Every structure is written in structure tokens, then in C-alpha cells.
Chemist: 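Got a structure here, written out as C-alpha cells. Questions coming.
Residue numbering restarts at 1 for every chain, and letters A, B, ... go by the order of the sequence lines. What you see is a predicted model; the values in this text were computed from it and never measured.
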Amino acid sequence: MTWIWICRTRISLRTFRMAKTLVVLAGPTAVGKTRFGIALAKELQTEIISADSRQIYKEASIGTAVPSPEELRTVRHHFIQTVSLEENYNASRYEQDVLRLLEELFGRYDLVLMVGGSGLYIKAVCEGIDDLPPHDPALRSKLLSRYEKEGLQSLTEELWRLDPVSAGRIDLKNHMRVLKALEVSLQTGKPYSEFLSGTPARRPFNILRLALDMERQELYRRINERVDRMMKDGLLEEVKRLQPYARTNAMKSVGYRELFDYLEGKVPLEEAVDRIRRNTRKFARKQITWFRKNDQYCWFSPDEIREAVQWIRESSDLQDR
RNA sequence: GGGGAGAUACCAAAGUGGCCAACUGGGGCAGACUGUAAAUCUGCUGUCGCACGACUUCGGAGGUUCGAAUCCUUCUCUCCCCA
């Protein structure tokens, strides 16, 4: 656990002079962020902004593992079940919504807590995300069917023509990236790359980042346990109820797509549940990778709430108040 | 008791004399990622050095061969069918 110490020492030596601080609590799914976050919020007497791209949807609760009603009563949460699955929510909208809310919250608190595992959403708030023209679903579906008919090659060739900068930068094997760049370039007549500033946004508040992790084996155990609990709590019924939304973005999530497959008769139930377990493990690994590459995170184990509180107090200079 | 099929790396599964350290899929590990981000994409995955290379693998033990996961003998185990 030396890495934690190195990281803590380096950051806690820094002195933060700014009055307002956004404390970010990140980490893989099922590591215990909700519990930890609530404990922190109580201790620091503040509110929680959820940074979870799935818990934000109104219609879902079991599969997205939203905090329980009791937990939500204990500490005020924002962005939990606030938008509909039918809406086209994304990181950019989240950035704007959070910044607007923060203005208000910082009027009341010196310190606000953001808790969640959606790396891109957190990044959008902390570093900004460049403005793009409004998404054009018609163009997207046109490009998508072209991708299916003509293959990726045809799209990348066009991207090289329209936006060589992006073509040189983007992962050309990833059709999502190619599609996006092409879509924007076609829609605006300007290369996608010109919309990207490449510089992090300045924020009128300070940011403190901490992340939770635990031994891999234990994390996997907790994931399995959680999946079993979700099934007992009625995940299958929730998924049945959400079948009309099966084709929306959010319903491609772990826990839903596997059960849609079961409901459509593609796999037996036990197999579907097993896939949920495996896909959740993969998801957790990806989250860890994402947060690990950002060396501003100070890592804690989920039982180090006291240590985290102390670290936050020291780092945010609250003690001087 | 008789007849048949099979045992391959963590799992599943190809290979049926040299092109095999062994296809492929899963799993695992690592990574990329500025609008689907719980998405999408990439690399590695016998051991040791981790580049070249060296060493040990395809149920066990023998054998044939210049050479075997692949052929022969035998042993062990599994599955199926008939009794």
C-alpha cells in the first residue's frame, strides 16, 4: 500500500487557498462509494452530486443501484433519477447542469461532494467538454446504416478526406469514434477537430479527488453478491417493465441488456445472470483503469473514512477557518 | 459383462506425423477513450529472460520415427449404447 502513501503525502503537502472546493469521490462499481460518500457528506455537512450516468434515469432503480430511500433521506442527493430514458442525456449536458447547480451550492457550502463512477461525466465537470452542435439523430442513423452496409473502411476513408486531423488522432478501429467525428464534420461542414480546444477548462473552484479501491478478489465477491441481491429485489421485473425502452442508450447497460436477451429467448436465465456478473467485473476494471490514469486521485480503501475526512480537511485548508 | 466414443493450456474447443507453444471463443490481465461512456475499441495471456532466444507442454508410462498433440502398445479415468 505504499502507493497510497506516496500519493497522499504529495497532495496533502499542497496548500489550497481557494475557498470553494469540489470533492470528487470516484471508484469502481460495488466498491462502496454510496456508503462512503454519505459518511463523508455527513461529516463535512454538505450535499452530494451524483456522477453516475445511469442512476440519473428516472425509470430505473434496481439495476442501476441507486441509493436507498433511507440513504437519500440522510443526505441530499442531486442528479439521482432526474431525467427520462427517452431524453438524450450526455456528458456535456451533465457538465452544464452541474455547473449551474454548483453555483447555487457554493453559496451555501464551502465544500461540495461529487460521488460516482462515470469517468467521462466527472471529467466533463472538472476539465470541461467542448461545445458541439446539437446531435443530429437522422444523420447519425444514416451513417450507422452506411457503416453496417459498407463497413468501417468506407467511413474512415471519408473521414481522412473531411478531417485528416481527427483521422490521425482517433482510434480508427472504433466505429463509435469515427461515426462521431464524421457526423460532426458532415453536419457542420467544419472538421470535427476544430471543435476541440484541447485545453482543460478553468473552474472558479478547487477540485480534490479521491478514489476507492479494494483487493480485486474482494471486489469481485461484492459484485457477485450485489447481482444476486438485485435479482432477489426484482431486477427481472424492472427489466420487463422497461422493455419498451430496450433500444435506448441507457438500456444497453450491464444488467439490462443481458436480461433483455433472456426475455427475447436468446439465453437461459442462469446464463444471463452469469453474464451480468462477468460484465460487471469488466466494467469495474475499466473504471479502475480510467481513474488510475489520472494521477490526481488519492486512493483510499472503503474502510478509511476517517482518514479520508482528515485528508480532505487538510487538503482543502478547512482547518484554518 | 459386451460394444462404441473420448481424455488438448484457467474453461470450452480446433488440430490428427514436421508450417504447433498449439486456430478460435470465453475468462483473466493491461490499456485507449471530449456527446451511446455501465457504451465502443486495442494489446497480452505455458515458464524464464519478456527483443532475439532458451526451456517444459496436449491423461500416465513405454515404443515407432530424423521428427509426434497427431502412429503403435499398455495403464488410468470419463461418457454413450446394449445387457
Side-chain angles (χ1 to χ4, degrees), chain A residues 26-30 33 50-57 60 62-66 85-97 116-137 139-141 143-144 147 152 156 165-166 169-184 187 192-201 216-217 219-220 223 226-227 230 235 245-260 267 271 274-294:
Chain A
T29 188
K33 293 187 294 297
S50 163
D52 191 302
S53 68
R54 300 294 128 127
Q55 292 181 0
I56 200 165
Y57 292 108
I62 299 172
T64 54
V66 293
L85 282 170
E86 292 169 77
E87 281 185 59
N88 203 340
Y89 207 74
N90 59 47
S92 177
R93 281 187 58 185
Y94 179 75
E95 176 203 21
Q96 287 158 24
D97 291 344
S118 298
L120 183 63
Y121 279 35
I122 295 172
K123 188 178 177 188
V125 169
C126 296
E127 294 158 40
I129 186 163
D130 293 307
D131 284 334
L132 291 182
H135 171 63
D136 180 350
L139 178 57
R140 165 56 63 103
S141 64
L143 286 172
L144 202 60
Y147 164 65
L152 188 54
T156 56
V165 177
S166 287
R169 253 191 326 225
I170 280 177
D171 176 6
L172 294 177
K173 286 182 181 164
N174 189 334
H175 68 279
M176 290 294 184
R177 301 274 145 67
V178 176
L179 241 33
K180 183 69 203 170
L182 205 52
E183 179 191 325
V184 173
Q187 189 185 340
Y192 172 64
S193 51
E194 285 188 18
F195 290 92
L196 308 182
S197 69
T199 51
R216 198 58 66 90
Q217 225 184 357
L219 182 65
Y220 287 176
I223 286 172
R226 173 191 265 192
V227 172
M230 283 177 176
L235 180 59
Y245 302 100
R247 272 176 295 122
T248 61
N249 295 331
M251 286 295 99
K252 285 184 178 176
S253 310
V254 178
Y256 293 93
R257 47 160 47 173
E258 295 86 351
L259 290 180
F260 285 135
V267 291
E271 166 68 20
D274 216 52
R275 281 191 201 170
I276 294 177
R277 296 192 189 98
R278 293 198 305 254
N279 289 334
T280 307
R281 293 203 292 269
K282 284 188 181 184
F283 170 47
R285 266 180 260 139
K286 276 190 318 193
Q287 288 175 302
I288 293 168
T289 300
W290 177 284
F291 296 121
R292 213 156 36 187
K293 81 170 173 183
N294 185 334

Chemist: Contact class for A/Arg292 (heavy atom, under 4.0 Å): base, sugar-phosphate, or nothing?
Modeler: sugar-phosphate
Chemist: Under a 3.5 Å cutoff, is there a donor and acceptor pairing between the side chains of A/Arg226 and A/Thr280?
Modeler: no
Chemist: What does A/Asp52 touch in the nucleic acid at a heavy-atom separation under 4.0 angstrom: a base, only the sugar-phosphate, or nothing?
Modeler: base
Chemist: Can you name the ring pair (Phe, Tyr, Trp, His ring centres under 6.0 Å) partners of A/Phe283, sequence neighbours left out?
Modeler: none
Chemist: With respect to the phosphate group of B/rG28, does any side-chain polar atom (N or O) of A/Arg285 fall under 4.0 Å of OP1 or OP2?
Modeler: yes
Chemist: Looking only at atom C1', what distance separates B/rU8 and B/rU78, rounded to whole Å?
Modeler: 15 Å
Chemist: Can a side chain N or O of A/Thr280 be found less than 4.0 Å away from OP1 or OP2 on B/rA38?
Modeler: no
Chemist: Let me know, please, whether A/His175 or A/Asn249 comes out on the 5' side of the other along RNA chain B by nearest nucleotide.
Modeler: A/Asn249
Chemist: Does B/rC71 pair with anything, Watson-Crick or G-U wobble, both distances under 3.5 Å, and if so, with which nucleotide?
Modeler: B/rG63
Chemist: Look at the side-chain N and O atoms of A/Arg275 and state whether any lies under 4.0 Å from the OP1 or OP2 oxygen of B/rG26.
Modeler: no
Chemist: A/Tyr57 near the nucleic acid: base, sugar-phosphate alone, or nothing, with a heavy-atom cut-off under 4.0 Å?
Modeler: nothing
Chemist: Could you check which nucleotide pairs with B/rA7 in any of the strands shown, counting Watson-Crick or G-U wobble with both distances under 3.5 Å?
Modeler: B/rU76
Chemist: Quick check on RNA chain B: between A/Asn174 and A/Lys293, whose nearest nucleotide comes earlier from the 5' end?
Modeler: A/Lys293
Chemist: Determine which nucleotide pairs with B/rA12, using a 3.5 Å limit on both distances of a Watson-Crick or G-U wobble pair.
Modeler: B/rU24
Chemist: Side chain of A/Trp290 only, please: which of B/rU36, B/rC33, B/rG28 is the nearest?
Modeler: B/rC33
Chemist: Kindly say if A/Arg54 contacts the phosphate of B/rA37, meaning a side-chain N or O under 4.0 Å from OP1 or OP2.
Modeler: yes
Chemist: With A/Lys293 as the cation and A/Trp290 as the aromatic partner, state whether NZ or CZ is under 6.0 Å from the six-membered ring centre and within 45° of the axis.
Modeler: yes
Chemist: By the 4.0 Å heavy-atom rule, please label A/Gly63 as base, sugar-phosphate, or nothing.
Modeler: base
Chemist: By the 4.0 Å heavy-atom rule, please label A/Thr64 as base, sugar-phosphate, or nothing.
Modeler: base
Chemist: Considering every strand and a 4.0 Å limit on heavy-atom distances, what is the contact class for A/Gly128: base, sugar-phosphate, or nothing?
Modeler: nothing
Chemist: Do any side-chain nitrogens or oxygens of A/Arg278 fall under 4.0 Å of OP1 or OP2 in B/rA38?
Modeler: no
Chemist: Could you tell me how far B/rU16 sits from B/rG6 if I compare only their C1' atoms? Round to whole Å.
Modeler: 14 Å
Chemist: Could you let me know what B/rG1 is paired to, Watson-Crick or G-U wobble, both distances under 3.5 Å, or none if it's on its own?
Modeler: B/rC82
Chemist: Measure the acute angle between the ring planes of A/Tyr147 and A/His175, then classify it against the limits of 30° and 60° as parallel, tilted or perpendicular.
Modeler: parallel
Chemist: Under 4.0 angstrom, heavy atoms only, what part of the nucleic acid is A/Asp131 near: base, sugar-phosphate, or nothing?
Modeler: base
Chemist: Would you classify A/Lys173 as touching base, sugar-phosphate or nothing, given that sugar-phosphate means primed atoms plus P, OP1 and OP2, and contacts are heavy atoms under 4.0 Å?
Modeler: sugar-phosphate
Chemist: With a 3.5 Å limit on both atom pairs, tell me what B/rU36 is paired to, counting Watson-Crick and G-U wobble, or say none.
Modeler: none
Chemist: Can you check B/rG35 for me, syn or anti if syn means within 90° of 0?
Modeler: syn
Chemist: Taking only side-chain N and O atoms of A/Tyr192, does any of them lie within less than 4.0 angstrom of OP1 or OP2 on B/rG35?
Modeler: yes
Chemist: Check this one for me: any side-chain N or O of A/Lys282 less than 4.0 Å away from OP1 or OP2 of B/rG27?
Modeler: yes
Chemist: Would you say A/Arg177 reaches B/rA39's phosphate, i.e. side-chain N/O to OP1/OP2 under 4.0 Å?
Modeler: no
Chemist: Verify the contact: side-chain N or O of A/Arg257 to OP1 or OP2 of B/rA38, cut-off strictly under 4.0 Å; return yes or no.
Modeler: no
Chemist: Heavy atoms only, 4.0 Å cut-off, all strands: where does A/Arg216 land among base, sugar-phosphate and nothing?
Modeler: sugar-phosphate
Chemist: Does OP1 or OP2 of B/rU34 have a side-chain N or O of A/Lys123 closer than 4.0 Å?
Modeler: yes
Chemist: Over all strands shown, is A/Ser92 touching base, sugar-phosphate only, or nothing at heavy-atom distances under 4.0 angstrom?
Modeler: base
Chemist: Quick one: is B/rA39 close enough that its OP1 or OP2 comes under 4.0 Å of any side-chain N or O from A/Lys286?
Modeler: yes
Chemist: Just to verify, which of A/Val125, A/Ile129, A/Asp131 counts as forming a side-chain contact (heavy atoms from CB on, under 4.5 Å) with A/Gln96?
Modeler: A/Asp131
Chemist: Could you tell me how far B/rU74 sits from B/rC82 if I compare only their C1' atoms? Round to whole Å.
Modeler: 27 Å
Chemist: In Watson-Crick or G-U wobble terms, both distances under 3.5 Å, what is the partner of B/rG31?
Modeler: B/rC41
Chemist: Would you say B/rA30 has OP1 or OP2 under 4.0 Å from some side-chain N or O of A/Thr289?
Modeler: no
Chemist: Measuring only the P atom in each nucleotide, how far is B/rC19 from B/rU34? A whole number of Å is fine.
Modeler: 44 Å
Chemist: Picking from B/rC41, B/rU40, B/rU34, which would you name as closest to the side chain of A/Asp171?
Modeler: B/rC41
